[in-house]
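Here is the structure we will look at, set down as structure tokens.
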Amino acid sequence: ATDGNVFWFDGTSFILFDKQQDWIQRQINSIEKLEDGTILLGDDKGITMYEKRSEGFKKKAALLTGKRVEQIFRDSNGVWVSTDRGLYHYASTEAFKNQVLNKIYLPNKSIAAITSMGNKKYWISSDTVYKLDGNYLNTYDQSKGLLSSGGAIYYDAQGITWFASAQGL
């Protein structure tokens with residue numbers, strides 16, 4: 001994430017991603033690349049989608065406008081978008097590009113992050129921590145030892161889940 005533009009490394013140096021766009025001169029919270037090369041930029045006003053073209057990238061669409069996007073996450077189960085109004089799930093990249101929403105989880109919550117544990121199991125960070133297992137959503141809070149919530153989450157190859165918060169890991 002950046003606070004003043006998006007840069008990319010071309011193998012030799014860092015260059016501005018899109019010199020023609022003034023709007024991009026604000027904080028970008030999340031960047032995701034789809035299988036077809038499409039780039040998604042998430043910020044406090046939604047998602048901007050750039051299509052890959054032979055001559056570079058071209059701004060294609062503004063999606064989820066009016067929602068603060070914290071994270072865009074893609075896995076084998078689709079595209080997930082953490083927003084200030086819930087966790088949006090799209091069943092596939094094509095469903096996302098066509099805005100065919102599968103489900104909104106926790107629609108009244110501000111979602112900070114999501115990470116996958118595989119097998120359709122996810123950790124979700126919000127005002128507390130949630131574990132999504134298939135269709136079941138379990139809540140973990142201070143009564144279960146959680147010190148703080150609302151930060152980044154990382155699930156590593158050894159099966160350990162890391163929770164970052166204002167109080168540390």
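Computed from a predicted structure; not experimentally measured.
Between atom OG1 of residue Thr83 and atom OH of residue Tyr88 there is a gap of 5.0 Å, rounded to the nearest 0.5 Å. Atoms CG and NE2, on Leu101 and His89 in that order, are 9.5 Å from each other to the nearest 0.5 Å. Rounding to the nearest 0.5 Å gives a distance of 4.5 Å between CG of Leu106 and CD1 of Ile111. Rounding to the nearest 0.5 angstrom, the gap separating the OG1 atom in Thr128 from the NZ atom in Lys109 is 8.0 Å. Atom OH of residue Tyr130 and atom OG of residue Ser125 lie 10.0 Å apart, to the nearest 0.5 angstrom. Here OG of Ser92 is found 11.0 Å from CG of Asn77. Values are rounded to the nearest 0.5 Å.
Listed here is the closest heavy atom pair of Ser116 and Gly118: OG-N, 2.9 Å. Residue Ile72 comes nearest to Ser30 through the heavy atom pair N-OG, 2.8 Å, listed as atom of the first residue, atom of the second, then distance. Closest approach of Val129 to Trp123, counting heavy atoms only: CG1-CE3, 3.5 Å. Closest of all the heavy-atom pairs between Met49 and Thr38 is CG-CG2, 3.3 Å. Here the closest non-hydrogen pair linking Leu137 and Ile124 is CD1-CD1, 4.3 Å.
Remark: Lys121 engages Met117, Asp133 in a side-chain contact (heavy atoms from CB on, under 4.5 Å) (not counting sequence neighbours). Checked against side-chain contact (heavy atoms from CB on, under 4.5 Å), Ser110 has the following partners two or more places apart in sequence or in another chain: Arg68, Asp84.
Enclosure of atom CG in Asp36 by more than 12 non-hydrogen atoms of other residues, nucleotides or ligands within 6.0 angstrom is indicated. Heavy atoms from other residues, nucleotides or ligands lying under 6.0 Å from CG of Asn119 number 12 at most.
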* To do: Evaluate the criterion side-chain contact (heavy atoms from CB on, under 4.5 Å) for residue pair Arg74 and Leu40; output intermediate values, then yes/no.
  => CA-CA 11 Å; Arg74 180 176 57 89; Leu40 306 174; over 6 Å; no
* Gln99 and Tyr90: side-chain contact (heavy atoms from CB on, under 4.5 Å), yes or no, with the steps? -> CA-CA 8 Å; Gln99 287 297 280; Tyr90 300 86; 3.2 Å; yes
* To do: Show your reasoning for whether side-chain contact (heavy atoms from CB on, under 4.5 Å) applies to Asp75 and Trp80.
  => CA-CA 8 Å; Asp75 70 358; Trp80 303 81; 3.3 Å; yes
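Put simply, the side chain of Leu63 reaches to within 4.5 Å of the side chain of Phe96, judged on heavy atoms.
A perpendicular orientation is assigned to the rings of Tyr122 and Phe73, their planes being inclined by more than 60° (bins at 30° and 60°).
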